[in-house]
Amino acid sequence: MAKDIAALEEKWQKNWYDSEQFAVDVRSLKDPFYILNMFPYPSGDKLHMGHWYQYGLIDTWARFQIMRGREVFQPMGFDAFGLPAENFAIKKGIHPDISTIKNTEHMITQMKRMGVAYPWNCMINTSKPEYYKWTQWIFLQFFKAGLAYRKEAPVNWCTGCHTVLANEQVVDGACERCGSGAVRKNLTQWFLKITDYADRLLDGIDPLDWPQKTKAMQKNWIGRSEGASINFALAGSDEKIEVFTTRPDTLFGVTYLTLAPEHPLALKIASPAQLGPLQDYIKETEKHTELERIAQDDQKTGVFTGAYALNPLSGEKVPIWVADYVLFSYGTGAVMAVPAHDERDFAFAKAHDLPINLVIDSPSQKLSLPLTEAYTDKGILINSGEFDGLSSDEAKKAITDKLSEKKCGAHKVTFRLRDWLVSRQRYWGTPIPIIHCPACGEVAVPEEDLPVVLPENVEFKPTGESPLVRCEEFINASCPKCGGKAKREADTLDTFVCSSWYFLRFPSAHAQNFAFEKELTEKFLPVDKYIGGPEHAILHLLYARFFTMFLHDQKLINFSEPFPSLIHQGIILAPDGQKMSKSKGNAISPDPYVEKYGSDILRLYLCFAFNYVDGGPWNDEGFIAVNRFMEKVERLFEEQSELFSGTTIPSMDNLSAEDKKLLFSAHNSIKGATIDTERFMFNTSIARLMEFYNAVTDYLRLVPAPAQNKNLLAQLLTDFIKILAPFAPHRAEEIWQGMGNETSIFKFSWPEWDEKYLVLDEINMAVMVNGKLRGEITVSRDAREDAIKEIASAHDKVVRQLEGMSIVKHIFVPGKLINFIVKPKS
RNA sequence: GCUCGGGUGGUGAAAUCGGUAGACACACAGGACUUAAAAUCCUGUGGGGCGUAAGCCCCGUGCGAGUUCGAUUCUCGCCCCGAGCACCA
């Protein structure tokens, strides 16, 4: 059996791919329906269960859309640059270019074994010069627009991967890839100015048809806070310290200022006596990884600078401290500390014996010094001069206005989002197309010289310095401006840059002269339905939106959101309910199941056993169920094979009661499967299909052969197999061919249901007494309320319930129920 | 700590503009076919109680309240699980 299935599936794969049935001629499509799966990175050489779940079931959805008459475009490519692919190559001891080619080829073979309907003619690979040439080109557009810049900044350095990381790639203070601790280093790096788009990225979220959670995560990541920037004058100097606060209402409660260790004024303002300890402290904080800083989060360390600042409104003189609980990269890198009304400031003040002044009174609890904890809620101002008695909200505005008036502060909005660090000190990535000239500075590589090709013969093991630095023929160049001796930028681009525009490339996958052809791109995009894992909720989805907005502003495309509609597939867990992982040894490989049962059965199982967006633990028993169903279906079509020759379109007059019942079930199933498949409810779609099957076999069993309506059966079984087709494409093609058809079932359209067959002559209605179900009655479809009331009140059980009771009123829901409200007779 | 999900039979799960909870399966039990088993087909299957039986009654969607003729669905409070964020001033 197993062998036959393998041969059967291979036959149809050959059929589809040899005839290029699913290839797309992008120019001939009029109204394309763009279904996009997040593309895989070839960090391994095999498709895992997650790939099957995503690509297999979305292919089912795509085939369904094809049969519904849509001009489906469901392309596939490979996100081949980047650390995962490079680390794989290092582990195997081969060049990443070779391992990438091998891995992608193997993955394509496996996808074909899955039987996906991809337009292979539109495939892309981000590590090929024909692609990364345009990644470089887009980078240069950012550069020319002033949105790609290089600066020295404290950055996250991964000690394991020997490269800097983006903020988004640091998870719990560690590298999201290798888990090594990230240390802070001051380095000169390339950034993309995503912060310029913070407002638009935030405002664009609400209208998106995305999972609620993903939208919330992205909003939190962008993290808009409203407050004020306030200037504190340095006592005895012209110097000013700017702080950001969301609580200007607590300004009179400031008892000290705190600077981040990296703050440029920190050492500058230090008194001679404090300079030594301060330098030691700053050096000490640099050594710690983010991980260590988080671990010691209760102990608030810091050192006094010896300098003082003046409160702009109260004129009070407060000490200035340096502490590493203040982040240099957020706000202004300096905060006004209000220990009475901020937990962190409170902890710091306690630890270093700094004064605590109460300036907000709680409306609900009595506050008095000494406080046992900070009171961080809003309240009424006290000890705040002219602002006493105002509420926090009123005071925020009043104090900010006053500061603006005195020109020492202003209303300000700050974002949590930082600029995106895109340079990496690793080999396997897109070279940054910049030349450093001693005379001209950073110069863009001229467009006609693109791509800047990644050299092959490079010792690429990570050392902390870009491997390209040591590649003489690469690094040495002449300045495009002055022609003088210059050096190329040796860093490569983060792989997330490659994937921030790939969706634009697919319709013009092989274009030589453009990153993407404007007309085609605008015809295909934005993507109609985007599918991928929830792990990209922030990183990729945020970057891609940023790129799209930028390219829109450059007038290169006419839309600014790439993915108006997105869903995340769930995660298939190991049978123990844990995440599948190689290290835990609990991973279920799809391969043995494909070998034993075939790819359609694996696909069917994944469709039927889970709610698509939830996923869940794998279990073998459900697998047997779908295999059994498939075999029953094949047997049914074999037994009924004579139906498909010699029958004609059924007459819908003179149908027997059984015929009508069958027709009802069939159309009910068609309707359910259509609606449910459209909304990714594959499990219930298959349940409807099983009901359809059960209705047919009940009919065959209960209606004597001579009375069976052959024409009707033939018609309905034809509908049935078409519904099955997207879920079990190979097996359905085989059955379809067995029915005498010569062209692929996917060239035929999905069946339509007719509401008129869903209207029954008689309907069941619930009968309730005081809201409790007491019985069921069968009434004629067009029975009137009073007639139904009469029948219902005559029902045995109702009669019993009505004993000694009088009916107060009744609730009637047409077609559903009648509910009698009764009370004891007085 | 904050944000967002979720909690329904022995199991995977259905059903929420409030309207007959548990569709469709798995597993299990009984039966048919078979020398036997497998496969297949039929019947039953939320829990509890009463009854020889047909049947009847009560309880039931994490827990406790509330709104309603009626709540898995809405509101409030709580418990538990998952995911994400986390010194963001």
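Treat the numbers as computed from the prediction; the structure is a model and nothing was measured.
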Syn or anti for B:G62, taking syn as within 90° of 0?
anti
Select from A:Lys772 and A:Ala334 the residue whose nearest nucleotide in RNA chain B is closer to the 5' end of that strand.
A:Lys772
Between A:Thr414 and A:Tyr330, do the side chains contain an N or O donor and an N or O acceptor separated by less than 3.5 Å?
no
Indicate whether any N or O donor in one side chain lies under 3.5 Å from an N or O acceptor in the other, for A:His540 and A:Glu535.
no
Distances under 3.5 Å between nitrogen or oxygen atoms of protein and nucleotides 5-7 of chain B:
none

Which part of the nucleic acid does A:Met681 contact within heavy-atom distance under 4.0 Å: base, sugar-phosphate only, or nothing?
sugar-phosphate
Check the orientation of A:Phe720 and A:Tyr693. Use parallel for under 30°, tilted for 30 to 60°, and perpendicular for over 60°.
tilted
Check the phosphate of B:A89 against A:Tyr325, side-chain N and O only, distance under 4.0 Å to OP1 or OP2. Yes or no?
no
Comparing A:Gly616 and A:Gly223 on RNA chain B - which has the more 5′ nearest nucleotide
A:Gly616
Taking atom types as modelled, is there a side-chain donor on A:Arg603 or A:Thr60 under 3.5 Å from an acceptor on the other?
yes
Base, sugar-phosphate or nothing for A:Asn764? Non-hydrogen atoms, less than 4.0 Å.
base
Taking the six-membered ring for Trp, are the ring centroids of A:Trp618 and A:Tyr605 within less than 6.0 Å of each other?
yes
Reading nucleotides 48-53 of chain B from 5' to 3' and marking B where a protein heavy atom lies under 4.0 Å of the base, S where only the sugar-phosphate is that close, and - otherwise, the string is ------
To the nearest angstrom, the CD-P distance between A:Glu226 and B:A89 comes to 12 Å
Parallel, tilted or perpendicular: which fits the ring planes of A:Phe348 and A:His352, with parallel below 30° and perpendicular above 60°?
tilted
Taking atom types as they are modelled, is there a donor-acceptor pair under 3.5 Å from the base of B:C87 to the side chain of A:Lys300?
yes
Roughly, in whole Å, what's the span from CG in A:Asn770 to P in B:G19?
19 Å
Looking at B:A86, I'd like to know if its phosphate oxygens (OP1 or OP2) sit under 4.0 Å from a side-chain N or O belonging to A:Arg416.
yes
Rounded distance (Å) that lies between atom C1' of B:A89 and atom CZ of A:Phe346:
17 Å
Decide yes or no on salt bridge (charged side-chain N to carboxylate O under 4.0 Å, His left out) for A:Arg224 and A:Glu226, but give the supporting numbers first.
CA-CA 7 Å; A:Arg224 184 188 145 100; A:Glu226 221 164 308; 3.1 Å; yes
Closest approach to the side chain of A:Arg774, judged atom by atom: which nucleotide of B:A89, B:G19, B:C57 is it?
B:C57
Side chains of A:His810 and A:Glu785, donor plus acceptor under 3.5 Å:
yes
Which of these nucleotides, B:A89, B:A13, B:A15, is closest to any side-chain atom of A:Arg679?
B:A15
Considering residues at least two apart in sequence or located in another chain, which fulfil the salt bridge (charged side-chain N to carboxylate O under 4.0 Å, His left out) criterion with A:Asp698?
A:Arg701
Side-chain N or O of A:Arg247 closer than 4.0 Å to phosphate OP1/OP2 of B:A89
no
In whole angstrom, what separates A:Ile571's CD1 from B:A83's C1'?
9 Å
Just by distance, no angles: are the side chains of A:Asp345 and A:Tyr325 close enough, under 3.5 Å, to form a donor-acceptor pair?
yes
Within the supplied structure, the quantity of interest is the number of heavy atoms (other residues, nucleotides, ligands) at a distance under 6.0 Å from A:Glu343 CD; does it exceed 12?
no
Using 30° and 60° as the class boundaries, would you call the ring planes of A:Tyr612 and A:Phe682 parallel, tilted or perpendicular?
perpendicular
Dot-bracket pairing map - RNA chain B, Watson-Crick plus G-U, both contacts under 3.5 Å, | cross-strand
(((((((..(((......[....))).(((((.......))))).(((((....)))))..(((((..]....))))))))))))....
Closer than 3.5 angstrom, by distance alone: can the side chain of A:Thr250 be matched with the main-chain N or O of A:Arg247 as a donor-acceptor pair?
yes
Separation of B:A13 P from A:Leu573 CG (nearest whole Å):
10 Å
Whole-Å gap separating C1' (B:A86) and CE (A:Met217):
13 Å
Treating primed atoms plus P, OP1 and OP2 as sugar-phosphate and everything else as base, which nucleotides of nucleotides 21-33 of chain B get B, S or - for protein heavy atoms under 4.0 Å?
--BBSSS------
Would A:Thr255 and A:Asn357 count as having a side-chain donor-acceptor pair, cut-off 3.5 Å?
no
Nucleotide B:C41, atom P - distance to CG of A:Leu700 in whole Å:
13 Å
Rounding to an integer number of angstrom, what distance separates B:G70 and B:G12 when you compare their P atoms?
33 Å
Would you mind classifying the nucleic acid contact of A:Arg224 as base, sugar-phosphate or nothing, using non-hydrogen atoms under 4.0 angstrom?
nothing
Would you classify A:Lys797 as touching base, sugar-phosphate or nothing, given that sugar-phosphate means primed atoms plus P, OP1 and OP2, and contacts are heavy atoms under 4.0 Å?
sugar-phosphate
Using the test side-chain contact (heavy atoms from CB on, under 4.5 Å), find all partners of A:Ile205 that sit at least two apart in sequence or belong to another chain.
A:Leu202, A:Lys215, A:Gln218, A:Lys219, A:Ile222, A:Arg545
Which whole-number value in Å describes the distance from A:Ile811 CD1 to B:U20 P?
15 Å
